[in-house]
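For reference, the structure I am asking about is given below.
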Amino acid sequence: GEGLIGWAAAHGRPVLANDAGVDPRAGHVAGTPVSESEAIISVPFVARGVVLGAMRMYREGEGNTFSADEFELAQRFGDAVTLALVNVKTRKSLEQQACTDDLTQLLNRRGFFSAARRALVEADDAPSALLLVDLDEFKSVNDGCGHEVGDDLLKHVARQLTSCVRLEHVIARLGGDEFAVLLPCTPPAYASAVAERIYYALDRTP
């Protein structure tokens, strides 16, 4: 909310101040001369009532002002930037949905192979490990207790797996009751320790 750009962002409205020095909304930016005259246009990027950002344009010096046409052009540019930001956000959201398992919110098979390729490239020649986790007799849970309980079990396993590994490790539900955990840059001894940690975590909270 500070300054003209902060006011524009807070209120979701564009501002034209051809004499910003006397505009009470402008305030003073630390490090700039107090006596310097400037004209300012501030335009928020607003999509569906949400402010995504804002831009500021200014001209310094006495008599250097913006015309009404330039103010309108700045607003049209702001609309174009807003549309671009929304498109990027939408595309990223769709990409994330395509790579995420709806039930557990882990990576799905597609997301796993994509993330695994990147992780292994970054690992270069360092040793890496892959753990495959399969739930024995999972079908009997679905058959005997119902699919809702089976879904709860899969979500529980996903939480336990997440609690046992580091952020840089790659966890996924490959499908059904099969999970994968990729441990980049991990020597065999540590991979075995992680596998045991997963086993005991599931054993303690069946």
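Treat the numbers as computed from the prediction; the structure is a model and nothing was measured. Worth knowing before you read on, the calculation uses all heavy atoms, side chains too, and leaves out hydrogens, waters and symmetry mates.
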Problem - Thr100 side chain near Leu106 side chain, heavy-atom distance below 4.5 Å - result: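 Sidechains of Leu106 and Thr100: no contact.
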Handout entry: Test item: Asn108 side-chain N/O and Ala98 main-chain N/O as donor-acceptor pair under 3.5 Å
Key =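 Yes; judged by distance alone, with no hydrogens or angles, the pair exists.
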Handout entry: Contact check, side chains of Leu154 and Arg173, non-hydrogen atoms, under 4.5 Å
Key =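 Touching, per the 4.5 Å side-chain cut-off.
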Practice task
Quick one: pull up CG in Leu182 and CZ in Arg118 and give me the separation to the nearest 0.5 Å.
Solution key: 11.5 Å
Fill in the blank from the handout: The reported gap from CD in Glu38 to CG in Leu4 (rounded to nearest 0.5 angstrom) is 8.5 Å
Handout entry: Lys/Arg N to Asp/Glu carboxylate O, Glu122 vs Arg117, below 4.0 Å
Key =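 Result for this pair is no, no salt bridge flagged.
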Handout entry: CZ on Phe45 to CG on Leu83, rounded to 0.5 Å
Key =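 These two atoms lie 12.5 Å from each other.
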Problem - For Ala115 against Leu107, the heavy-atom pair lying closest together - result: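 Scanning both residues completely, I find the closest heavy atoms to be CB-CD1, 3.8 Å.
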Problem - Euclidean distance, Ser192 OG relative to Tyr190 OH, rounded to 0.5 Å - result: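 Rounded to the nearest 0.5 Å, the OH-OG separation comes to 11.5 Å.
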Practice task
Identify the heavy atoms of Leu16 and Phe66 that sit nearest to each other, and give their distance.
Solution key: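 Minimum heavy-atom separation between Leu16 and Phe66: CD1-CB, 3.8 Å.
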Handout entry: Side-chain (Asp23) to main-chain (Arg25) donor-acceptor, under 3.5 angstrom
Key = yes
Practice task
Could you pull out the closest heavy-atom pair between Val149 and Val141, with the gap in Å?
Solution key: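 Smallest interatomic distance, heavy atoms only, reads CG1-CG1, 4.2 Å.
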Exercise for the section: Evaluate the side-chain proximity of Thr82 to Leu85: yes if any heavy-atom separation is below 4.5 Å, no if none is. Expected result: no
Problem - Distance-minimising heavy-atom pair for Ala26 and Ala20 - result: CB-O, 3.3 Å
Practice task
Ignoring hydrogens and angles, tell me if any N or O in the side chain of Thr186 forms a donor-acceptor pair with the backbone of Pro184 under 3.5 Å.
Solution key: yes
Practice task
Please examine the side chains of Lys155 and Leu103, heavy atoms only from C-beta on, and report whether any two atoms are closer than 4.5 Å.
Solution key: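 When only atoms from C-beta onward are counted, Lys155 and Leu103 do touch, with a gap below 4.5 Å.
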Practice task
May I ask you to test the Cys164-Ile198 pair for a side-chain heavy-atom distance under 4.5 Å?
Solution key: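 SC-SC contact between Cys164 and Ile198 confirmed.
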Exercise for the section: Output yes when a side-chain donor or acceptor of His169 lies under 3.5 Å from a complementary backbone atom of Arg166, and no otherwise. Expected result: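 Indeed, once roles are kept as given, a pair shorter than 3.5 Å links the two residues.
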Handout entry: From CA spacing to verdict: side-chain contact (heavy atoms from CB on, under 4.5 Å), Glu70, Arg59
Key = CA-CA 12 Å; Glu70 288 174 320; Arg59 283 181 175 153; 2.8 Å; yes
Exercise for the section: Let me see the working for Asn87 and Thr90 under side-chain hydrogen bond (donor to acceptor under 3.5 Å, both in side chains), right down to the final yes or no. Expected result: CA-CA 5 Å; Asn87 286 341; Thr90 300; 5.4 Å; no
Exercise for the section: Apply side-chain hydrogen bond (donor to acceptor under 3.5 Å, both in side chains) to the pair Arg159 and Ser163, showing each step before the final yes or no. Expected result: CA-CA 6 Å; Arg159 288 192 296 269; Ser163 71; over 6 Å; no
Exercise for the section: Output all residues satisfying ring-ring contact (aromatic ring centres under 6.0 Å, His included) with His156, sequence neighbours left out; order by chain, then residue number. Expected result: none
Problem - Residue pair Phe179 / Asp134, side-chain heavy-atom distance below 4.5 Å - result: no
Practice task
Check Ala54 against Ala9 and note the closest heavy-atom contact, atom names and distance.
Solution key: CB-CB, 4.4 Å
Problem - Leu73 side, atom CG; Arg76 side, atom CZ - distance, nearest 0.5 Å - result: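 Rounded to the nearest 0.5 Å, the CG-CZ separation comes to 7.5 Å.
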Practice task
Check for a donor-acceptor pair, side chain of Asp203 on one end and backbone N or O of Tyr199 on the other, with a separation under 3.5 Å.
Solution key: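 Absent.
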Problem - Val50 with Trp7, same ILVMFWY side-chain cluster at under 4.5 Å - result: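 No: no chain of side-chain contacts under 4.5 Å links Val50 to Trp7.
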Practice task
Answer yes or no: is there a side-chain heavy-atom contact under 4.5 Å between Pro14 and Phe71?
Solution key: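 Pro14 reaches Phe71 side chain to side chain.
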Practice task
Rounded to the nearest 0.5 Å, what's the gap from CZ on Phe113 to CG on Leu174? Could you check?
Solution key: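 Spacing of CZ (Phe113) from CG (Leu174) equals 6.5 Å.
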Practice task
Could you state whether Val181 and Leu135 fall into the same hydrophobic cluster, counting links through intermediate Ile, Leu, Val, Met, Phe, Trp or Tyr residues with side-chain heavy atoms under 4.5 angstrom apart?
Solution key: yes
Practice task
With side-chain contact (heavy atoms from CB on, under 4.5 Å) as the test, would you mind laying out the steps for Val86 and Leu52 before giving the verdict?
Solution key: CA-CA 9 Å; Val86 169; Leu52 306 177; 3.9 Å; yes
Exercise for the section: Please report the C-alpha distance between Leu161 and Val133 in whole Å, then the side-chain angles of each, then the deciding distance to 0.1 Å, and finally whether the side-chain contact (heavy atoms from CB on, under 4.5 Å) criterion is met. Expected result: CA-CA 9 Å; Leu161 291 176; Val133 181; 4.2 Å; yes
Practice task
For residues Leu130 and Leu183, determine if any side-chain heavy atom of one lies less than 4.5 Å from a side-chain heavy atom of the other.
Solution key: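 Contact flag for Leu130/Leu183 side chains = no.
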Exercise for the section: Indicate the atoms forming the closest heavy-atom contact of Ser128 with Cys185, along with that distance. Expected result: OG-N, 3.2 Å
Exercise for the section: Say whether Val51 and Val43 are linked into one hydrophobic cluster, either directly or through other cluster members, by side-chain heavy-atom distances under 4.5 angstrom. Expected result: no
Handout entry: Same apolar cluster (I L V M F W Y, side chains within < 4.5 Å links), Ile171/Leu202
Key = yes
Problem - In one Ile/Leu/Val/Met/Phe/Trp/Tyr side-chain cluster, 4.5 Å: Val194, Val157 - result: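 The answer is yes; both residues are in one hydrophobic cluster.
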Practice task
Quick one: do Phe112 and Arg110 satisfy side-chain contact (heavy atoms from CB on, under 4.5 Å)? Show the steps, please.
Solution key: CA-CA 5 Å; Phe112 174 74; Arg110 175 182 176 180; over 6 Å; no
Problem - Whether over 12 other heavy atoms sit under 6.0 Å from Gln105 CD - result: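 Counting other residues, nucleotides and ligands, CD of Gln105 exceeds 12 neighbours.
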Exercise for the section: Taking Ser140 for its side chain and Glu137 for its backbone only, find out whether a donor-acceptor pair lies under 3.5 Å. Expected result: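 Yes, the answer is positive, given that a donor and an acceptor are paired below the 3.5 Å cut-off.
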